[in-house]
There are 2 protein chains.
Amino acid sequence: MLDQFRDKFPLSKDKWDEYMRYYTRIEVPAHTILLNEGDVSKNAFIIEKGCLRLWFNNNGKDITFQFFFENEAVSSAESFNKSIPSLFTIETIEPCILYRIHKNDMEKILKELNEHPDTKEYLLSIAFERQFHYMKHFLSFIRDTPTQRYINLIKEKPQIIQRIPQHYIASYLGITPVSLSRIRSKLK
Amino acid sequence: MLDQFRDKFPLSKDKWDEYMRYYTRIEVPAHTILLNEGDVSKNAFIIEKGCLRLWFNNNGKDITFQFFFENEAVSSAESFNKSIPSLFTIETIEPCILYRIHKNDMEKILKELNEHPDTKEYLLSIAFERQFHYMKHFLSFIRDTPTQRYINLIKEKPQIIQRIPQHYIASYLGITPVSLSRIRSKLK
DNA sequence: AAGAGACGATAACAAAAGATAATAAATTCA
DNA sequence: TGAATTTATTATCTTTTGTTATCGTCTCTT
């Protein structure tokens, strides 16, 4: 279930299996909060089944910042890495099967991994890709209208359209649920 | 002039001076294009004096993505690092004094720096900070109204308000110049 | 199975922003 | 310095989006 991650790491199968023992398989119902905005994150997750969202409270309204699906790693990255209060709440949307790892255990893994010369390259490339991703996502906000952003979403992430409640998608697109509903009816 | 960078690197003064020889001091007039959107970036810059912007063409309209001022390093990061076509044009706003380094020379420096165990940590922290920066900037786009974004800009980056032509600021805020002018008159 | 609550569609109105054009102010530069 | 160009403001009209409210449907929960 976590096999697809193995390929990305410059590690032996044994080492990999050893590290995997740090992960705990958990099953949680829908609408479970895994981390509260303002708390310091102690855990990261990998999704075997289900989907989550990362959201924050803006004057009483909840705004979804990112969605996560099967085989993706989820954390409030800044909070987990730097032990600062999280800007986001992490919440399941569907019932989920997750693999959880504690920060302490992750640090053990990283400590060992750092012996490998390739590791930091790998971490760098991840950080770089994330940065690029945020940049492009941001770009589409400056460049496109809400309607265009919704059309892009249909093309690029159909999973989101199919599995995510519409009012979450609306805040993700930076518009109100009513506005999204209008956009949808015009597109028909 | 580039002294403020030295402190950030775990290097001897001699090594630093050696690397600095790769940089060429150039003076360019306002509205000089240092890199065209679509071209592969071969150079990075450090600003001694003046300011630049990074912009892209969106259906004939130019949209400013980022501003740079004195003592900042400027490049179309993805293009420079990965040798892919740049998403952005880099253009001076004021007459500028810059330090230019060619990608080949930068690679020589990085190759040597990689002997240092601290270097990758440092690069990682830079990538991480950039990612955090984009994320927060993006967040303000989802969360705030154009008026609020303009007020934030006054507080957080007064340089931009003071030195940058208003129509560039407008596109940076994701609105039209006319709309920005209205916002300004309401705030008075 | 019934009731409560959540969700999405739609309508009516208000507010904000875009488009366009005319004009004023500032700046470039010959 | 003065003319030409660029930039900013203002006004008008249109379009888009937000706000609020209503209604029907669906989904939990008990």
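Labels below follow one simple rule: chain letters A, B, ... track the order of the sequence lines, proteins then strands, and each chain is numbered from 1.
Across B:K103 and B:S83, no two heavy atoms sit closer than the pair CE-OG, 3.3 Å.
Here the nucleotide nearest the side chain of B:S185, chosen from C:dG18, D:dG18, D:dT10, is D:dT10. Here the nucleotide nearest the side chain of B:V178, chosen from C:dT20, D:dT19, C:dA17, is C:dT20. For B:Q166, the listed nucleotide lying nearest its side chain is D:dT9; candidates were D:dG18, C:dG8, D:dT9.
At the heavy-atom level, A:S179 lies under 4.0 Å from the strands shown only through sugar-phosphate atoms. At the heavy-atom level, B:T176 lies under 4.0 Å from the strands shown only through sugar-phosphate atoms. Using a 4.0 Å heavy-atom cutoff across all strands shown, A:P146 reaches sugar-phosphate atoms only and no base atom. At the heavy-atom level, A:P165 lies under 4.0 Å from the strands shown only through sugar-phosphate atoms. Nucleic acid contact for B:K61: sugar-phosphate only, since backbone atoms but no base atoms lie under 4.0 Å from a heavy atom of the residue. Here B:R184 lies in heavy-atom contact (under 4.0 Å) with sugar-phosphate atoms only.
The OH-C1' distance, from A:Y150 to D:dT17, rounds to 17 Å in whole Å. Remark: C1' of D:dA11 and NZ of B:K186 are 14 Å apart, rounded to the nearest angstrom. As rounded to whole Å, 15 Å separates atom P of C:dA16 from atom CG of B:D144. As a whole-Å value, the separation of A:L173 CG from D:dG18 P is 11 Å. Atoms CZ (B:F141) and P (C:dA17) sit 12 Å apart, rounded to a whole Å. Here the C1' atom of nucleotide C:dA9 and the CD1 atom of A:I183 are 14 Å apart, to the nearest Å. If you take CG of B:L180 and C1' of D:dT7, they are 12 Å apart, rounded to a whole angstrom. The CG-P distance, from A:L187 to D:dT16, rounds to 12 Å in whole Å.
Donor-acceptor pairing under 3.5 Å is recorded for the side chains of B:S86 and B:S76.
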Quiz prompt | side-chain contact (heavy atoms from CB on, under 4.5 Å) between B:M135 and A:E78, worked out | solution = CA-CA 10 Å; B:M135 202 186 69; A:E78 288 70 30; 3.7 Å; yes
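One cannot find a donor-acceptor pair under 3.5 Å joining the base of C:dG8 and the side-chain atoms of A:R182.
Relative orientation of the B:Y99 and B:Y23 rings is perpendicular, given thresholds of 30° and 60° on the angle between their planes. Between B:Y172 and B:F67, the angle of the ring planes lies from 30° to 60°, which puts this pair in the tilted group.
Cation-pi check for B:R163 over B:F69 is not met; the charged atom does not lie both under 6.0 angstrom from the ring centroid and within 45 degrees of its normal.
Less than 4.0 Å separates DNA chain C from no heavy atom of any residue of residues 155-164 of chain B.
Expressed to the nearest 0.5 Å, how far CD of A:E70 lies from NZ of A:K49 amounts to 4.0 Å.
When atom types are taken as modelled, the side chain of B:T92 and the backbone of B:T32 share a donor-acceptor pair closer than 3.5 angstrom.
Phosphate contact (OP1/OP2 of C:dG8, side-chain N/O of A:H167, threshold under 4.0 Å): present.
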